[in-house]
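First the structure, in the form of structure tokens, and then the observations on it.
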Amino acid sequence: MQAKPSEYEVPFFKETGFSRRVGEKCREYYWTLNPDFVEPQDVPCVDYWFDSVKSRSGLNVSEARRVFIDFFLKRGHEYVPPRPVVARWREDLYLTIASIVVFQPHVTNGIVPPPANPLVISQPSIRLEDIDNVGLTIGRHLTSFEMAAHHAFNYPDKYIYWKDETVRYAYEFFTKELGIPGELIVFKEAWWEGGGNAGPCFEVAVGGLELATLVFMSYKTLNGGYEEIPLRIVDTGYGVERIAWFSQKTPTAFHAIYGDLVDKFRDSIGLEKPERTLLWAAFKAAGKLDPDEPGSVEDYYRRVSELSGVSFEDARRILVDEARLYGLLDHTKTLALMLADGIVPSNSGEGYLARLVARRALRLLTLLKSNAKLVDLVDMQVKYWSGDFPQISENRGYVLEAVDIEESRFKETMERARRALERELKRGSSLTVNDLVKYYDSMGAPPELVAEIASKAGVRVEVPPKFYSIVASMHRSPPRIKGYGEAEGTITFVAEWASKFKPTRKLYYEDPYIRSFESRILGVNGRYVILEATAFYPTGGGQIHDVGVLIVGGREYRVVDVFNVDDVIIHVLETPLISEPGEVVRGLIDWARRFRIMRHHTATHVILGAARRVLGPHVWQAGAEKTEFKGRLDITHHKPLTMEEVAKIEALANSIVDDRRPVRNMLIDRNEAETKYGLTLFQGGVPMSRVIRVLDIEGWDTEACGGTHVTNTGEIGGIKIVNVERIQDGVVRIEYVAGSRAAEVASELEGRLARIADLIGASRGREEDRVKSLMESFKALGDTVKAYRELLIESLEEKLRGAPEVGGVKLLVTGSPEKSREAVQEMLRKLTSSEERAIVAVIMREAEGSTVEIAGGAKASELHNIGALARLLAGRFEGKGGGSKSYGSFKTPRKLEPGELAEALEELLGSGP
RNA sequence: GGGCCGGUAGCUCAGCUGGAAGAGCGCCGCCCUCGCACGGCGGAGGUCCCGGGUUCGAAUCCCGGCCGGUCCA
């Protein structure tokens, strides 16, 4: 959509003398004070030329951030601290990609007020879409950057400020704080869309560099159209790194962002420092560079070569390596940020994104042919950013360990791929693009490395420029065919029906120990019942629903399911309720069951607290389930738990049980709760409401939780971890039982042991000895059987010596006491290898018919095809069979006697195939 | 969450158009040697991931599951 021109006319422009123009080449509208401009001043319309703009100089990233925040603090904005780069409060995003993400969707959809209004924030953000272009474009693309922003949320009944003020702030900030001449600042008209919202925006650029975007979020996208929204939001984004780059006027953004770290990385990697003139040529040429445009990259190197006087080949070689260096600087910082916020690298979910960044960094190191350790480079970032992002140095131990693990895993993966490749090349095959895709897609080997290894073996293969889009196109999943059945229709129908009722009063929150209650019926719909108030807990928040009975007019109805539709609780009965709204019901919940669920639920919070303390703060709940039988908690962790760690967690959890800590359930304003307890509140998802229920185990664990809990940890009664396993890369599952259930589980185990003891005939406490002696006699028995088999073979060998000759071979047909095919086969193998001219057939009688195995010695097999023989015999005895040249078998429904088989064989061998 | 690849000796892997489980390295013993290394000879070591199916017969084919790897969202 293109907004109406009037959307961009603000009084400030008129007052100050800005005029609206259109770019001669770019054909985009922009506002400027400068009559000499013929284009909006950002790349690629113009080249970078801000190096010659006079302004406040020398601001590093920290200072740029400080200047921005102070500017807005002085102008009535309140500071809001940044959130993690992992967007755990969002269901639809893994990473924080912009400052507005902090307020989506709860604030932007109007449910929760913003923590301050207007506000100023500097939000570290991560975007991985252009990860391959980072470095190449000398600073236009970064995977991690800080978005400094001021936001104003305009409600219908509360207006803060809108376009004019926002533009004035931008102009004032750039002219007064950064000292940029006003006539060099350009406001370009544009349209912004994202996350279901849209609106007009200004892109503010100076000397080729876009420094800020001012978005006026005023629509929501709806079926391809736009609809005005009541909450209009000023969503700005100032690039902190770009301000630093602009202010320092270094040839690349990386020099401005990373300062002395650039040369430290250079030293570690062993990369020579390029001539300053080459970098400045790159600065001048990079504006036109569009990596998605074919040929653009080559043009860029050509232009750098012309501007610097360095040969094309040298310019390309140096800039390719420079881009890798800058990529490493960028990726290692991003990785440190992600890991510090508790991402555990894995092969799925957000963990994969961390692995992706780590692998890209490792690939760059490999391409640079450097022996530097990634973990050392990340450690430099930890130190460099410790003042700006304290969470990184606080979690240094975990960050470095996770990087180290990723590094060795990558090496193993590369080693595996290399071996597979060398094997394949040894077989003389050539490599196609398909093979490159295979090695990348299923073995993780980057195509450049595959090509390099192949070329050493003398096999040439070209990496196509569109390689990664070929891979991406293979992963477009086919449309899901979603089955819709009667069940789904029923749920929709019930939900619609339920929406007519007012929210149910939740007695289980007022008193978690309530077992029985009386209430009035509000609605009846067959087996579905809605009450005014209930003590039945509906399924939700990882806690299973209650069961019990409703008593109406002297009749008892069993409650088999309970669920929640927008705060209306629906009881599902076993049989339809014969009653009218208004009648009084008495409800009884199955208390023994509920109490166990409560114990397991509170135990879950205790264990999570213990796991975070034993394993580290990167541990997050990845899932949980609590039933009357056991509790189950999945946590994020980068390696399997050791026995010691499990024991520690269990002991620590039980110490909290014994400590009898109070457990409090409270309703708190969401913003207040976040400020007080932090985002670790949201372990089990984020409730979408202004006020949230918070469960606090004193001094131990605080989480947003809608479940029912005991009021003191002592009531858990004790916790026994019964199972720990790694359910996938990066996720560990812990299962446990609490209280009386632990005794039950112990009894079950005892019972099982007793039954086993019975089976093996051991007295209590002597089970192990008994198993040992049984194993010994089992072994001895095996030896005995072996001896008897040898005896059997000997006697058959004896028989074979005296066997008649038919068709040039010695024929032996015999029955067998052996029931095992394998044993018979082994026996035949021995017999025929000692007598090459023998054919031996063994009949195994079974309940329904017989199986016959026939083997031929080396000479005999030359004379007669045993497999063919078996097939013929099978035909004769109404069975089926076949085999190879030297071995065959068949099955027949007849109870075969050695005599008749011998007769048949003699006949066949006599005429013989 | 989806796609792809894989699971066979202690390790790395062949065998996979169904028909008597293999190689290299490692290990053990012997020969050679003052000793080591090299070399030579011999040997031990297997639930062919699990379960079901097809078949006279399955490491091999089919279905289901488990585990590992990898790419993508």
Side-chain angles (χ1 to χ4, degrees), chain A residues 91-95 128-129 131 345-353 355-356 359-360 363 409-410 412-424 426-427 434-447 467-482 622-623 640 725-729 731 821-833 840-844 846 848-858 861 865-894 896:
Chain A
E91 307 283 342
D92 53 338
L93 273 184
Y94 288 129
L95 298 172
L128 301 178
E129 296 89 66
I131 189 164
S346 76
N347 54 12
S348 69
E350 71 227 21
Y352 176 69
L353 299 180
R355 177 160 294 165
L356 175 84
R359 295 221 161 165
R360 287 301 158 105
R363 184 178 123 212
R409 287 182 67 135
F410 178 75
E412 277 167 34
T413 294
M414 287 311 106
E415 191 51 31
R416 237 194 317 271
R418 196 182 55 77
R419 278 197 306 262
L421 181 63
E422 279 170 359
R423 255 199 323 275
E424 199 162 317
K426 217 177 275 174
R427 263 177 283 181
N434 260 344
D435 293 320
L436 287 180
V437 171
K438 184 186 85 187
Y439 277 100
Y440 178 66
D441 207 32
S442 63
M443 293 182 189
F467 179 80
Y468 290 99
S469 48
I470 295 171
V471 173
S473 68
M474 290 174 56
H475 289 279
R476 243 168 250 140
S477 49
R480 278 249 212 100
I481 300 148
K482 207 176 172 187
E725 59 185 326
R726 227 165 72 105
I727 57 165
Q728 65 164 78
D729 203 7
V731 181
R821 280 182 67 107
E822 272 129 52
V824 168
Q825 275 178 20
E826 199 182 318
M827 193 170 81
L828 288 175
R829 195 181 311 148
K830 280 197 177 142
L831 281 171
T832 53
S833 60
V840 185
V842 173
I843 302 170
M844 287 182 288
E846 282 147 17
E848 292 162 23
S850 324
T851 300
V852 179
E853 305 281 324
I854 312 166
S861 302
N865 184 321
I866 310 295
L869 214 54
R871 194 168 310 116
L872 287 171
L873 285 167
R876 181 163 299 197
F877 297 110
E878 298 108 39
K880 283 176 171 175
S884 69
K885 210 175 77 179
S886 62
Y887 194 88
S889 64
F890 70 92
K891 198 179 246 177
T892 163
R894 300 221 333 234
L896 220 49

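Chain A is the first sequence line, chain B the second, and so forth, proteins listed ahead of strands; every chain is numbered from 1.
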Inset, instruction - Supply the atom-to-atom distance K830(A) NZ to L828(A) CG, rounded to the nearest 0.5 angstrom. - result: 11.5 Å
Inset, instruction - Would you mind reporting whether L128(A) and R360(A) have side-chain heavy atoms less than 4.5 Å apart? - result: no
Inset, instruction - Mind calculating the distance between CD (Q825(A)) and P (G18(B)) to the nearest angstrom? - result: 18 Å
Inset, instruction - Using the P atoms only, state how far U33(B) lies from C11(B), rounded to an integer number of Å. - result: 37 Å
Inset, instruction - Give none if G64(B) has no partner; otherwise give the nucleotide forming a Watson-Crick or G-U wobble pair with it, both distances under 3.5 Å. - result: C50(B)
Nucleotides 12-14 of chain B: which of its N/O atoms have a protein N/O under 3.5 Å away?
from, atom 1, to, atom 2, distance (Å)
U12(B), O3', R419(A), NE, 3.0
U12(B), O3', R419(A), NH2, 3.3
C13(B), OP1, R419(A), NE, 3.4
C13(B), OP1, R423(A), NH1, 3.4
C13(B), O3', R423(A), NE, 3.3

Inset, instruction - Would you indicate what Y94(A) reaches in the nucleic acid, counting non-hydrogen atoms under 4.0 angstrom: base, sugar-phosphate, or nothing? - result: base
Inset, instruction - Give a yes or no on whether the backbone of R894(A) and the side-chain of S850(A) come within a donor-acceptor separation of less than 3.5 Å. - result: yes
Inset, instruction - Find the distance Q728(A):CD to G1(B):C1' and express it as a whole number of Å. - result: 10 Å
Legend entry - A73(B) to A20(B) separation - C1' atoms, rounded to the nearest Å: 50 Å
Legend entry - Rounded distance [0.5 Å steps], CG in L356(A) versus CD1 in I131(A): 5.0 Å
Legend entry - Phosphate contact (G57(B) OP1 or OP2) by S889(A) side-chain N/O below 4.0 Å: no
Inset, instruction - Starting from P on U70(B), measure out to CZ on R363(A) and report it in whole angstrom. - result: 16 Å
Inset, instruction - Test E846(A) against K891(A) for side chain to side chain contact (heavy atoms under 4.5 Å, CB included), laying out the working first. - result: CA-CA 10 Å; E846(A) 282 147 17; K891(A) 198 179 246 177; 4.3 Å; yes
Inset, instruction - Name the pairing partner of U17(B), where a pair is Watson-Crick or G-U wobble with both distances under 3.5 Å, or state none. - result: none
Inset, instruction - Indicate, with a heavy-atom threshold strictly under 4.0 Å, whether G879(A) touches base, sugar-phosphate, or nothing. - result: nothing
Inset, instruction - Indicate, with a heavy-atom threshold strictly under 4.0 Å, whether G849(A) touches base, sugar-phosphate, or nothing. - result: nothing
Inset, instruction - Give one of base, sugar-phosphate or nothing for R418(A), where a contact means two heavy atoms less than 4.0 Å apart. - result: nothing
Legend entry - Minimum-distance nucleotide (side-chain atoms of S886(A) versus G57(B), G19(B), A20(B)): A20(B)
Inset, instruction - Using whole Å, report how far CG of D92(A) lies from C1' of A73(B). - result: 13 Å
Legend entry - Short side-chain to backbone donor-acceptor contact, T892(A) and F877(A), under 3.5 Å: yes
Legend entry - Nucleotide C71(B), atom C1' - distance to CG of L436(A) in whole Å: 15 Å
Legend entry - Close side-chain approach of V852(A) and L896(A), heavy atoms under 4.5 Å: yes
Legend entry - U70(B) pairs with, by Watson-Crick or G-U criteria that keep both distances under 3.5 Å: G3(B)
Inset, instruction - Start with the C-alpha gap between R418(A) and E415(A), add the side-chain angles, then the distance that decides, and say whether salt bridge (charged side-chain N to carboxylate O under 4.0 Å, His left out) holds. - result: CA-CA 5 Å; R418(A) 196 182 55 77; E415(A) 191 51 31; 2.5 Å; yes
Inset, instruction - Choose from G69(B), A73(B), G57(B) the nucleotide whose nearest atom is closest to any side-chain atom of K891(A). - result: G57(B)
Legend entry - Paired nucleotide for G45(B) [Watson-Crick or G-U wobble; both distances under 3.5 Å]: none
Inset, instruction - Report the base-pairing partner of C38(B) (Watson-Crick or G-U wobble, both distances below 3.5 angstrom), or none. - result: none
Inset, instruction - Just call it for L828(A): base, sugar-phosphate, or nothing, with non-hydrogen atoms closer than 4.0 Å on any strand. - result: nothing
Under 3.5 Å between N/O atoms: give me all the protein pairs with nucleotides 5-10 of chain B, atom names plus distance.
none

Inset, instruction - Check whether any side-chain heavy atom of E350(A) sits under 4.5 Å from a side-chain heavy atom of L95(A), and report yes or no. - result: no
Inset, instruction - Considering only atom C1', compute the distance from C66(B) to U47(B) and round it to an integer number of Å. - result: 15 Å
Inset, instruction - Please state the P separation for the pair G7(B) and A14(B) - nearest whole angstrom. - result: 7 Å
Legend entry - Nearest listed nucleotide, side chain of S348(A), among A73(B), U70(B), G3(B): A73(B)
Inset, instruction - With P as the reference atom in both, quote the distance from G65(B) to G2(B) in angstrom, rounded to an integer. - result: 11 Å
Legend entry - Distance in angstrom units between R871(A) CZ and U55(B) C1', rounded: 13 Å
Inset, instruction - Using a 4.0 Å heavy-atom cut-off across all strands, classify G883(A) as base, sugar-phosphate, or nothing. - result: base
Quick test: give all pairs of protein nitrogen or oxygen and nucleotides 42-49 of chain B nitrogen or oxygen below 3.5 Å, distance rounded to 0.1 Å.
none

Inset, instruction - Rounded to the nearest angstrom, tell me the gap between atom CG in L831(A) and atom C1' in A20(B). - result: 14 Å
Legend entry - Charged N-O contact under 4.0 Å between E412(A) and R416(A): no
Inset, instruction - Answer yes or no: is there a side-chain heavy-atom contact under 4.5 Å between E853(A) and Y887(A)? - result: yes
Inset, instruction - Would you indicate what G349(A) reaches in the nucleic acid, counting non-hydrogen atoms under 4.0 angstrom: base, sugar-phosphate, or nothing? - result: base
Legend entry - Polar side-chain atom of S861(A) near backbone of G856(A) as donor-acceptor pair, under 3.5 Å: yes
Legend entry - Test item: L873(A) and I854(A) side chains (from C-beta on) under 4.5 Å apart, heavy atoms: yes
Inset, instruction - Using the P atom as the reference point in each nucleotide, state the distance between C48(B) and G43(B) in Å, no decimals. - result: 23 Å
Legend entry - Any R363(A) side-chain heavy atom under 4.5 Å of M414(A) side chain: no
Legend entry - Separation of G19(B) P from K885(A) NZ (nearest whole Å): 15 Å
Legend entry - Closest-nucleotide ordering on RNA chain B, the 5'-leading residue of T832(A) and E853(A): T832(A)
Inset, instruction - Over all heavy atoms of both residues, which pair between M443(A) and T413(A) is shortest? Give the atoms and the distance, please. - result: O-CG2, 3.1 Å
Inset, instruction - Could you tell me which nucleotide pairs with U33(B) by Watson-Crick or G-U wobble geometry, both distances under 3.5 Å, or answer none if nothing does? - result: none
Inset, instruction - Taking atom C1' in both C16(B) and A58(B), compute the distance separating them and give it to the nearest angstrom. - result: 11 Å
Inset, instruction - Rounded to whole angstrom, note down the C1' distance from G6(B) over to C13(B). - result: 12 Å
